[in-house]
Amino acid sequence: MANNLLKGKKGLIFGALDEHSIAWKIAEKAHAEGAEFVLSNSPIALRMKDIYQLAKKTNSQVIAADITEVSELEDLFEETMQILGGKIDFILHSVGMSPNVRKNIPYHELNYDYLEKTLDVSAISLHKVLAVAQRLDAINDWGSVVTLSYIAAQRTFSSYSDMAHAKAMLESIVRQFGYHYGVNKKIRINSISQSPTRTTAGAGVSGFNAFFHYADDMSPLGNATSDSCADVCVTMFSDYTKMITMQNIYNDGGFSSMGISNKLIEKFIDCGCKE
Ligand code: NAI
């Protein structure tokens, strides 16, 4: 169901690691909607080579960059503009990683060097991307930047650990930079808060299956898939959402408005728990 929503638009997509990545689905859909873009990921991720299949499928080039390194981002933006023949219209920031979560370190014993890494990769990197883009004047007026968040920015999910701090900071950068880039260049910046989704980053969170099924049972529409996230992203990159900026948009099947659902009541009513 392609509608040429992004015909003539150029972009830069961070974070497609393999076919399960949310960024992978977004790249496929952006391509189907007529966009041209460059794909970027860290040098380590590129060693997995999956991204080159996506590049072939979407007729795009791949450029390695560690998103935490400003000099690498500068080279990436220069090269991207050369490849695409000018400024870009959209950026997808779909990047996250916590060494504390990966290594299963309990929250009350966080390793602070790892915490800094979590914040740098998962939140401050958005600031770096935006700062470099603005300095190089790399985005056309009314361009759109989207990043991916999770509701742990607002509420406590016991095993989400320091990624919760990263998401809270990420959403704060969306609002702060959204103001400045909006005033300076009419660039809009938004986050999409996505349901639990089976990906490499998702599966790294301890108890991911419980996150997934609990959210699915709680949400009136069930969990939002990465395909549906791609639909929202494509719309956010299009000219139909020009006046939306500095927002956190829940693509979560209604989860964020729920307290308890009949499905969960039924599960607990006969659980044998004492009154
Ligand atoms: P993923 O593991 O496929 O994507 C994470 C990406 O970040 C990978 O491509 C990885 O190579 C990249 N990355 C890590 N360090 C990097 C660095 N230094 N430089 C450049 N790239 C780097 O997993 P997923 O789930 O697609 O994650 C994408 C975004 O969606 C993340 O921000 C994640 O927190 C967010 N999200 C995921 C949910 C889930 O349940 N999977 C739910 C809500 C949000």
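For ligands, and for the atoms within them, numbers begin at 1 and follow the listed sequence. Hydrogens, waters and symmetry mates play no part in the numbers below; they use all other heavy atoms, side chains included.
Atoms of ligand 1 found under 4.0 Å from any heavy atom of A45, numbered from 1 in the order shown, are 11 (O). Ligand-side atoms of ligand 1 in range of T197: 39 (C), 40 (O), 41 (N), range being under 4.0 angstrom from any heavy atom. Close contacts between ligand 1 and Q194 involve ligand atoms 42 (C), 43 (C) [criterion: under 4.0 Å to a heavy atom]. Each of the atoms 2 (O) of ligand 1 lies under 4.0 Å from some heavy atom of T200. Taking a cut-off of under 4.0 Å to the non-hydrogen atoms of S42, the atoms of ligand 1 that pass are 17 (C), 19 (N), 20 (C), 21 (N). Below 4.0 Å from some heavy atom of G15 lie the following atoms of ligand 1, by number and element: 4 (O), 6 (C), 8 (C), 9 (O). Here is the list of ligand 1 atoms found below 4.0 Å of a heavy atom in L148: 29 (C), 30 (O), 32 (O), 35 (C). Ligand-side atoms of ligand 1 in range of G202: 41 (N), range being under 4.0 angstrom from any heavy atom.
Ligand 1 has an N or O atom lying under 3.5 Å from an N or O atom of A201, backbone or side chain. Of the N or O atoms in I67, one or more lie within a sub-3.5 Å distance of an N or O in ligand 1. In terms of N/O distances under 3.5 Å, ligand 1 is not approached by S149. Note: no N/O pair closer than 3.5 Å links P196 and ligand 1 by distance alone. Note: an N/O pair closer than 3.5 Å links K167 and ligand 1 by distance alone. For ligand 1, none of its N or O atoms has an N or O atom of M163 under 3.5 Å away. Taking distance alone, with nitrogen or oxygen atoms compared against 3.5 Å, T68 stays at or beyond that limit from ligand 1. At least one N or O atom of T199 sits closer than 3.5 Å to an N or O atom of ligand 1. For a threshold of 3.5 Å applied to N or O pairs, the pair formed by D66 and ligand 1 contains at least one separation below that value. For a threshold of 3.5 Å applied to N or O pairs, the pair formed by H20 and ligand 1 contains no separation below that value.
Among all protein heavy atoms, the one lying closest to atom 3 (O) of ligand 1 is S21 OG, 2.6 Å. V121 CG1, 3.5 Å is the protein heavy atom nearest to atom 15 (N) of ligand 1. Ranking protein heavy atoms by distance to atom 28 (C) of ligand 1, first place goes to S94 OG, 3.1 Å. At the shortest separation from atom 10 (C) of ligand 1 among protein heavy atoms lies N41 OD1, 3.6 Å. Taking atom 37 (C) of ligand 1 as the reference point, the nearest protein heavy-atom neighbour is I22 CD1, 3.9 Å.
Donor-acceptor pairing under 3.5 Å is recorded for the side chains of T118 and D162. A donor and an acceptor atom, one from each side chain of N251 and S228, are located under 3.5 Å apart. Donor-acceptor pairing under 3.5 Å is recorded for the side chains of D89 and N140.
Formation of a donor-acceptor pair under 3.5 Å by the S261 side chain with backbone atoms of D217 is found in this model. No donor-acceptor distance shorter than 3.5 angstrom exists from the side chain of K267 to the backbone of N262, with no hydrogens or angles considered. A donor-acceptor contact shorter than 3.5 Å links the side chain of T199 to the backbone of G202. K10 places a side-chain N or O within donor-acceptor distance of the main-chain N or O of L84, the cut-off being under 3.5 Å. Put simply, the side chain of N190 gets close to the backbone of I244: a donor and an acceptor are under 3.5 Å apart.
Contact between T68 and K128 at its shortest, heavy atoms only, is O-NZ, 2.9 Å. Heavy-atom minimum distance, Q176 versus H180: O-CD2, 3.1 Å.
Note on ligand 1: A65 sits in its first shell, one or more heavy atoms being nearer than 4.0 Å. Residue contact check for ligand 1: F208 places a non-hydrogen atom closer than 4.0 Å to it. For R198, the closest heavy-atom approach to ligand 1 does not fall below 4.0 Å.
Two different hydrophobic clusters hold V101 and L110 under the rule that ILVMFWY side chains link at heavy-atom gaps under 4.5 Å.
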Distance-only criterion, 3.5 Å: show the donor-acceptor pairs between side-chain atoms of residues 146-155 and protein atoms not counting sequence neighbours.
from, atom 1, to, atom 2, distance (Å)
T147, OG1, H93, O, 3.2
T147, OG1, H93, ND1, 2.9
S149, OG, E171, OE2, 2.5
Q154, OE1, Y250, OH, 3.2
Q154, NE2, E171, OE1, 2.6
R155, NH2, S256, O, 2.5

Mind listing the side-chain donor-acceptor pairs of residues 32-48 below 3.5 Å, one per line with the distance, residues two or more places apart or on another chain?
from, atom 1, to, atom 2, distance (Å)
E33, OE1, N3, N, 2.8
E33, OE1, N4, N, 2.9
E33, OE1, L5, N, 2.9
E33, OE2, N3, N, 3.3
S40, OG, I63, O, 2.9
N41, ND2, A16, O, 3.0
S42, OG, A45, N, 3.3

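In this structure, CD1 on I13 lies 7.5 Å from OG1 on T58, to the nearest 0.5 angstrom.
A parallel orientation is assigned to the rings of F211 and F208, their planes being inclined by less than 30° (bins at 30° and 60°).
Comparing heavy-atom distances from atom 31 (C) of ligand 1 across D252, I51, V95, L39 singles out V95 as nearest. Nearest to atom 42 (C) of ligand 1 by heavy-atom distance, out of C229, S195, G96, is S195.
Salt bridge present: K9 and D239 bring a charged side-chain N and a carboxylate O closer than 4.0 Å.
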